[in-house]
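Hydrogens, waters and symmetry mates play no part in the numbers below; they use all other heavy atoms, side chains included. Values in this document were obtained by computation on a predicted structure and should not be read as measured data.
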Amino acid sequence: MKKLLVSPAPHIHGKESTRGLMRDVIIALAPSLLVSIYFFGFSAIKLAFVGAITCVLVEYAIQKYIIKAKPSVKDYSAALTGLLLALNLPPNSPWWIVFIGSLVAIGIAKMSFGGLGQNLFNPALVGRVFLLVSFPVIMTDWTTPASWFREGIDSSTGATALSIVKEGLSKGMSMDEIFAQNDFSYAQMLFSKIGGSVGEVSAFALLLGLVYLIVRKVIRPHIPLSILGSVAIFSGIFWLISPENYPDPVFTLLTGGILMGAIFMATDYVTSPMSSKGMVIYGVGIGIITVLIRFFGAYPEGISFAILIMNATVPLLNNYFKPERFGKEVKNG
Amino acid sequence: MSRTFSIGGIHPGDNKISANAAIENFPLMETAYISLSQHLGAPAEPVVAKGDKVKTGQLIAKANGFISANIHSSVSGTVTSIEPYPDLSGNLVPHIIIKVEGDEWLEGIDRSEDIVREISMDSKEIIGKIADAGVVGLGGAAFPTHIKLSPPPNKKAEFLMINGAECEPYLTSDYRVMLESTEQILIGTKIMMKALGVKKAYFGVEENKPAAIKKLKAVASKGYKEIKIVSLKKMYPQGGEKQLIDAILKRRVPSMGLPIDTGVVVHNVGTALAVYEAIQKNKPLIDGVVTVTGKCMTEQRNFRLRVGTSFDTIMYAIGGFPKDAVKLVNGGPMMGKAISKMEAASVKSTSALLLLTDKETRRGVEGNCIRCGKCVDVCPMGLEPYLLNRLSRANRLEDLEVNMVHDCIECGSCMYSCPANIPLLDTIRLTKTQVLRIIRSRPKK
Amino acid sequence: MTTTIIFTIVSLTLLGLVLALILYFVAQRFKVEEDPRIDDVEAILPGANCGGCGFAGCRAFAEGCVKAESLDALSCPVGGNEVMKSVASYLGMSVAEKAPQVAVVRCNGNCDTRDKTNHYDGYSSCAVMSTLYSGDTGCSYGCLGHGDCVVSCSFDAIHMDPRTGLPEVDQDKCTACGACVKACPKMIIELRNKGPKNRRIFVSCINKDKGGVARKACTVACIGCLKCQKVCPFEAITISNNLAYIDFNKCKLCRKCVTECPTHAIWEVNFPIRLPKPVESINVEQ
């Protein structure tokens, strides 16, 4: 007599898995990664590799030897964190920077909170901000390393477009003067690079990733669109009032890792809100804080800090912004 | 333009591989095991004893209490015993066990194929005859139909709605009935409209059944114009009664409420056919159409099955338990009941028997919740299953009530979509029952 | 530099004093009048806050003791007779000594004695399994083995034995608080007297099916054959619904029922091992 399998309903399952979702995000990052390898060559490969491997090893070691539970590195989430961290670093970073960053990202920001699904702050961003605060010189050295793929393209030394603008403004120059002096163009920012972190290289590649994620239903458009929208609107207001002192919204959107942050960092499942209303408020908050830090703060770019600040508000957002209940009305008696 | 409900929903593949299997009569079994608890409410009281000879369609158990139903013999033969026997859950409950001898039907039951169109009874008589015939809801819940057709005096029914959605994957029994007994269903609908005193009815069918929609519209236009056939988008759980009313009328049943609170009474297609047979053919509810299907089966079948046929008899008739099957489900894959004892027998509300393979049904290893929010996106009641699951595991009943766990319709969409294979519904079901009990025991204002 | 330091010290000290005064007056003004004895009784209690006494924590129990007219109905299972005697003497009341109790698992259907008839693939919880169906063995009353009892224990006193698939109670750690009794959806666990020298006898089965059905499902089931009841000299055994039950207040631990039971469903705990009777000489015929 065959032993039947018995369980409560439902008896079938959809095709999605944690691993599949993480894999889709890695695929969405592929265009940016490939472009950055083209521009930065071995450095990009080195950073991505060290990042991913370190994160996986740290998570495996902590799970097996400290927590003494079954390691779950097969779900690709640690590898993804490592990759994202690497893409947020300056291309000339030494290997040990991304190594330390990975240790902090996985060990402190993820595992000490309880592992996958339990952390409050985005681990890759915690790693990045830790590095920014601890090693400010290395983290702001935007020297482009040589690459054997491209020849004869000028490497911009030292500064990103953003830091140039910030410095210029603080010296009292107007926006037009700064632009004229440095020969910026939108085409350059969109398709190649002006200077920035490994993953910031091509806005176009990042946007391709966004389209892929939305089509595959990995993320919903609410967070990226509300971040980009609020950054555009908020910075646009300042620019309209005083165009000589503030860069225009397109420039703001294309620099400073905003695209990377809006598409890949703020949309991290674990640290973002669960309902549509919450997501929009989260995005708007990030946008406003980013612009404030950008225009009035000491740092040239603010999205990392903005996301981390809004991460702290997510439990509150989840508590107060519940999805629309079908049975809103309650029958008495 | 197909209508649909407003929140959530999933798209499991519909797997209607048995759609072209015409209804065939299942060969008469040797023994009938008829449960006394085949309906919501109190079990029926037997009116026969060991040794009695019974005919097909004869009353063998009387409704016991307000929410209860009559039970009739589905076979003719001798009552061998009234004893505890496994039910669908494997628990021993009283069954009337009959040794089948021939197939002699009770006098008065019209067994001809002729369609009887004239409805001569009034509302009260109709409801009485439906009650006598032991008709219960064939959509799965087995709620006594005559009670649903008699709303309390302060609640007026405005519309009748017939649920032909059949949104569960694999199931095609309702589809075949809509194709093969089209006019009978519409007459049954008309009878129920008369019982309720309503002038208009809506008949919802998912758009993946175009042949049924076409035939229904054709027949309805020739004399059943008060029944509007509505095409519904193919989505699960389109057939949930709250979702159906939302899709067709854009009215929402309030929390802790019933469809009658929106002026609607919902009945399944199979129930409409049973009502036709009871009123026009004097035939009590003793059989039903059951889809026997599964990817591991060589041939898909739709049987007209008599109540009380044991599952091992059915497996024998299809050539044995399929080699690759690991699970037998009474019902659909999303909300059906997994059978643990093959000797258990079919009941009135059995509408499908599903054989699932290991690959389709074995659960994956549970991982951490990654807070992806997919369960929230798909919940048709607008709840947050990840949160309800966490609160249930911690047994925090007050917080669960605040988060409306009692509104859960147990459709399984959340668990189907969870990428981490978390058994959300397993724990939510438990606390939902507890919270409902607490809410219902509060003194009414 | 020094002025800064002096100024800081003085201003912070003043601030602290002012705030302390405010706190003091507010505490006095909004003081809740409570019987001071409650604090003292609470200090005597073990402080486990397990709820075994039926109150919401040790403080609530302390309040209950102080307000009660008699301590007969009140008992702290964790503290036991010692603690109740201290509380009684503090309050100037008397309390009857209660026999110490322990949790007893009344099922012996392990992997060897009770075969699995189907395979359960749902969430690992006895509560979920018992509401779903009759279980994965032929006995619908038996232990389901997913450890809801283990999770409920705050004293680390009950664990699943991986060899048998049944829970095992550590009698030294068990405080008879009753949490596992409530947690078991099959009502298999019972609080019984620990017994003199920790010895106790109980029927390790709660199967109410007819004897034949029960025995087919599990080889050590109680079949309701009445043999134990007939042999008990103290009328401690009652049989109802095909199941024997030993009243632990009447049982004098004579062990006659243990030997009499044909399915070995009755268990004796902490008795010395009975040596087999000496074999009489056998005539071996060639």
Side-chain angles (χ1 to χ4, degrees), chain A residues 1-23 59-60 62-78 110-120 217-218 269-271 274-275 315 318-319 322-323 325-327 330-331, chain C residues 107 109-151 153 156 159-166 183-186 188 207 209 212-219 221:
Chain A
M1 181 61 215
K2 187 166 187 173
K3 284 201 200 120
L4 290 168
L5 195 67
V6 181
S7 78
H11 305 285
I12 52 173
H13 194 275
K15 290 191 266 300
E16 278 172 343
S17 63
T18 305
R19 198 165 161 194
L21 291 172
M22 300 291 157
R23 188 172 38 213
E59 184 170 283
Y60 183 83
I62 293 180
Q63 280 181 325
K64 186 151 182 185
Y65 299 112
I66 300 183
I67 304 178
K68 297 205 175 43
K70 186 161 182 275
S72 63
V73 287
K74 271 198 296 223
D75 61 19
Y76 295 166
S77 61
K110 186 175 172 190
M111 298 314 289
S112 68
F113 277 84
L116 181 61
Q118 316 273 43
N119 45 296
L120 183 59
K217 292 206 166 76
V218 176
Y269 287 140
V270 181
T271 52
M274 304 286 271
S275 66
N318 280 336
N319 208 25
K322 301 279 188 187
R325 304 287 192 213
F326 184 91
V330 181
K331 187 176 102 108
Chain C
C107 177
N110 57 36
C111 316
D112 300 317
T113 57
R114 187 168 51 128
D115 286 330
K116 295 248 189 263
T117 53
N118 57 66
H119 183 73
Y120 177 69
D121 191 32
Y123 177 57
S124 181
S125 149
C126 311
V128 171
M129 210 170 157
S130 76
T131 44
L132 177 67
Y133 72 134
S134 55
D136 57 356
T137 64
C139 172
S140 59
Y141 298 86
C143 173
L144 298 167
H146 288 278
D148 281 9
C149 49
V150 177
V151 168
C153 183
D156 195 33
H159 299 280
M160 291 310 284
D161 184 344
R163 290 167 305 142
T164 58
L166 297 168
C184 177
K186 293 290 190 193
I188 289 172
N207 185 310
D209 286 335
V213 177
R215 180 73 176 70
K216 191 155 160 247
C218 173
T219 54

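Here the closest non-hydrogen pair linking C:Gly122 and A:Ser7 is N-CB, 3.8 Å. Of all heavy-atom pairs between A:Leu5 and C:Asp121, the closest is CD1-CB, 3.8 Å. Closest heavy-atom contact between C:Lys116 and A:Lys3: O-CE, 3.0 Å.
Side-chain contact check for A:Pro8 versus C:Tyr133: every heavy-atom pair is 4.5 Å or farther apart.
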